[in-house]
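Counting begins at 1 with the first residue of the sequence.
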Amino acid sequence: MINAIKKMALGVAAAALVLAASGAAMAFGHYTPGALGLGAATLPPPGFHYTIYNIFYNADTMIDDNGNESNVGLDLNVFASAHQFTYMTDYKFLGAEFGFDMIVPLVSTNIEIRAAGVDDSQFGIGDLYFEPFVLAWRKPQWDVAFALGFYAPTADSGGSASPGLGYWSFMETLGATYYFDQARTWSVSLLTRWLQNTESRDSDVTQGANVVAEYGAGKTIPLSRDLLFQFGVSGYTNLQLTDNSGTTNDDVRARSNAVGPEIHFTLLKPLVLQAYLRYLFEYGTEATSEGQTLCLTLIGSF
């Protein structure tokens, strides 16, 4: 029977596995919250789109299941460069534009947990994500997004800093962006991700299901004829919905929230290029690490 501190430290090590595989921030699921913010539920128009999510997550605080800080000597740094390839077609299904995409994450993880004697670093390709079914509805003052996808356990797993999780995750996406004016300069957006997981190949533990809600509210200002500037506030909530199962007596469900500022530039000519920069502070955390996320997203549309 391991003592409480050891158990907590091992929990952080498991958290690092998820952090590495998803590319940042959260310790209970493949998906990386904080990757989207302003206009989170607005999908790109027909055409090919190449997106790079550059995400850096840092945490030196572990929070227990009562919301109290645990002194386990945590020092966690994760950097991910996730490359997304999206193609939206002109084909209409149920009145929506149809598309598909995939994501290839490159992940560097450095983790130290002094209370557990953990000190590990690793770089590699994380678990690949495939989204073969994407729908985008567009109205004058509404954008609605729906998608079905899955994470495949393609990366190395089993270590404290491994880039993979060692199990499959299935994800459903649903969200909407609302524009308060016809010029679409004032907006609010909410995007939800629902994830279910299979049993880990490195143990017989099945990670509980979780939901991520990402949001943003902002204002767009034209700086010139071909350059737009948007600013606002973005954030997320990540909740574990069901207990872990298998050879674990862990009935603790993790949760975390984050909020922070965001800016966005859009260049309309000669190509449509976009850059998002957001800095998010975690709060209201339970049973996971608590830190900060810096995300720079670059998008090219062709």
Side chain to side chain donor-acceptor pair (under 3.5 Å) between T177 and T42, worked out = CA-CA 6 Å; T177 300; T42 296; 3.0 Å; yes
Can you check whether V134 reaches D101 side chain to side chain, under 4.5 Å on heavy atoms?
-> yes
Output for pair (Q207 CD, S245 OG), nearest 0.5 Å, gives 9.5 Å
Quick one: pull up CH2 in W186 and CG in D181 and give me the separation to the nearest 0.5 Å.
-> 9.0 Å
Single-linkage hydrophobic cluster M102~F146, side-chain heavy atoms < 4.5 angstrom | yes
Flag the pair W194 / L241 as yes when at least one side-chain heavy-atom distance between them is below 4.5 Å, and no otherwise.
-> yes
Would the F150 and F130 ring centres measure less than 6.0 Å apart?
-> yes
Stepwise side chain to side chain contact (heavy atoms under 4.5 Å, CB included) test for M88 and T86 = CA-CA 7 Å; M88 297 297 297; T86 304; 4.2 Å; yes
Which heavy-atom pair separates L191 from A40 by the least distance, and what is that distance?
-> CD2-O, 3.5 Å
Answer yes or no: is there a donor N or O on one side and an acceptor on the other, between the side chain of T242 and the main chain of A209, under 3.5 Å?
-> yes
Any idea which heavy atoms bring G166 and P153 closest together, and the distance?
-> C-CB, 3.9 Å
Please check if F281 and M62 belong to a single hydrophobic cluster, counting links between Ile, Leu, Val, Met, Phe, Trp and Tyr side chain heavy atoms closer than 4.5 Å.
-> no
Mind telling me whether Y178 and F180 have parallel, tilted or perpendicular rings, with 30° and 60° as the class edges?
-> perpendicular
Are the side chains of N110 and E112 in touch, meaning some heavy atoms are under 4.5 Å apart?
-> no
Side-chain heavy atoms of L76 within contact of Y57, under 4.5 Å | yes
Centroid-to-centroid, F265 to F229, below 6.0 Å?
-> yes
In terms of heavy-atom contacts, does CG of L148 have more than 12 from other residues, nucleotides or ligands at under 6.0 Å?
-> yes
Indicate yes or no for a side-chain donor-acceptor contact from S224 to the backbone of L227 under 3.5 Å, with no hydrogens or angles considered.
-> yes
Find out if a path of hydrophobic residues (ILVMFWY) with successive side-chain heavy-atom gaps under 4.5 Å connects F56 to V259.
-> no
Ring centroid separation F85 to H49 under 6.0 Å | no
Would you give the length of the straight line joining atom OH of Y129 to atom OG1 of T154, rounded to the nearest 0.5 angstrom?
-> 13.5 Å
Do NZ/NE/NH1/NH2 and the carboxylate oxygens of R184 and D143 come within less than 4.0 Å?
-> yes
Test log, rule side chain to side chain donor-acceptor pair (under 3.5 Å), inputs Y53 and Q84 | CA-CA 8 Å; Y53 301 95; Q84 182 178 31; 2.7 Å; yes
Atom of D156, atom of S162 and distance for their closest heavy-atom approach = O-CB, 3.6 Å
Neighbour count above 12 (heavy atom, 6.0 Å) for K219 NZ = yes
Heavy-atom side-chain proximity of Q122 to P163 below 4.5 angstrom = yes
Got a sec: does the CH2 of W137 have more than 12 other heavy atoms crowding it under 6.0 Å?
-> yes
What pair of heavy atoms forms the shortest contact from D127 to A155, and how long is it?
-> OD1-N, 3.1 Å
Between the side chain of Q240 and the main-chain N/O of R253, is any donor-acceptor distance below 3.5 Å?
-> no
Any side-chain heavy atom of S289 sitting closer than 4.5 Å to one from L74?
-> yes
So, are K92 and E97 salt-bridged, with charged N and O less than 4.0 Å apart?
-> no
Under 3.5 Å: donor-acceptor pair, side chain of N244, backbone of G208 = yes
Answer yes or no: is there a side-chain heavy-atom contact under 4.5 Å between V107 and F123?
-> no
State the CD1-CZ distance between I263 and R278, to the nearest 0.5 angstrom.
-> 10.5 Å
Could you walk me through whether F231 and I221 pass side chain to side chain contact (heavy atoms under 4.5 Å, CB included), step by step?
-> CA-CA 9 Å; F231 63 93; I221 300 173; 3.6 Å; yes
Can you list the steps and then say if Y50 with F48 is a ring-ring contact (aromatic ring centres under 6.0 Å, His included)?
-> CA-CA 7 Å; Y50 174 47; F48 176 74; 7.3 Å; no
D64 side chain to N66 main-chain N or O, any donor-acceptor pair under 3.5 Å?
-> yes
If you group Ile, Leu, Val, Met, Phe, Trp and Tyr by side-chain heavy-atom gaps below 4.5 Å, do V233 and L190 land in one group?
-> yes
Apply the test side chain to side chain contact (heavy atoms under 4.5 Å, CB included) to residues F133 and F98: give CA-CA distance (whole Å), side-chain angles for both, the deciding distance (0.1 Å), then the verdict.
-> CA-CA 7 Å; F133 189 78; F98 169 77; 3.6 Å; yes
For residues S157 and D202, determine if any side-chain heavy atom of one lies less than 4.5 Å from a side-chain heavy atom of the other.
-> yes
Any link between L43 and F100 through a network of hydrophobic side chains (Ile, Leu, Val, Met, Phe, Trp, Tyr) touching at under 4.5 Å?
-> no
Among N210, N257, V211, side-chain contact (heavy atoms from CB on, under 4.5 Å) partner for L239 = V211
Mind listing the closest non-hydrogen atom pair of D65 and E286 along with its distance?
-> O-OE1, 3.5 Å
To the nearest 0.5 Å, atom CD of E214 lies from atom CZ of R193 at 6.5 Å
How close do A258 and L280 get, heavy atom to heavy atom, and via which atoms?
-> CB-CB, 4.0 Å
Would you say the side chains of S256 and E282 form a donor-acceptor pair under 3.5 Å?
-> yes
Going from CG on L106 to NE2 on H83, what distance comes out if it is rounded to the nearest 0.5 angstrom?
-> 4.5 Å
Side-chain donor/acceptor of S189 to backbone N/O of A41, under 3.5 Å = yes
Main-chain N/O of V205 paired with S203 side-chain donor or acceptor, under 3.5 Å = yes
Stepwise side chain to side chain contact (heavy atoms under 4.5 Å, CB included) check, L128 with Y151 | CA-CA 6 Å; L128 301 182; Y151 288 89; over 6 Å; no
For this output row, return yes or no: ring centroids of Y215 and Y236 closer than 6.0 angstrom.
-> no
Any chance you could lay out the side chain to side chain donor-acceptor pair (under 3.5 Å) test for Q230 and E262, step after step, and finish with the verdict?
-> CA-CA 8 Å; Q230 186 181 28; E262 178 175 346; over 6 Å; no
Any luck finding a side-chain donor-acceptor pair between N77 and D75 under 3.5 Å?
-> yes
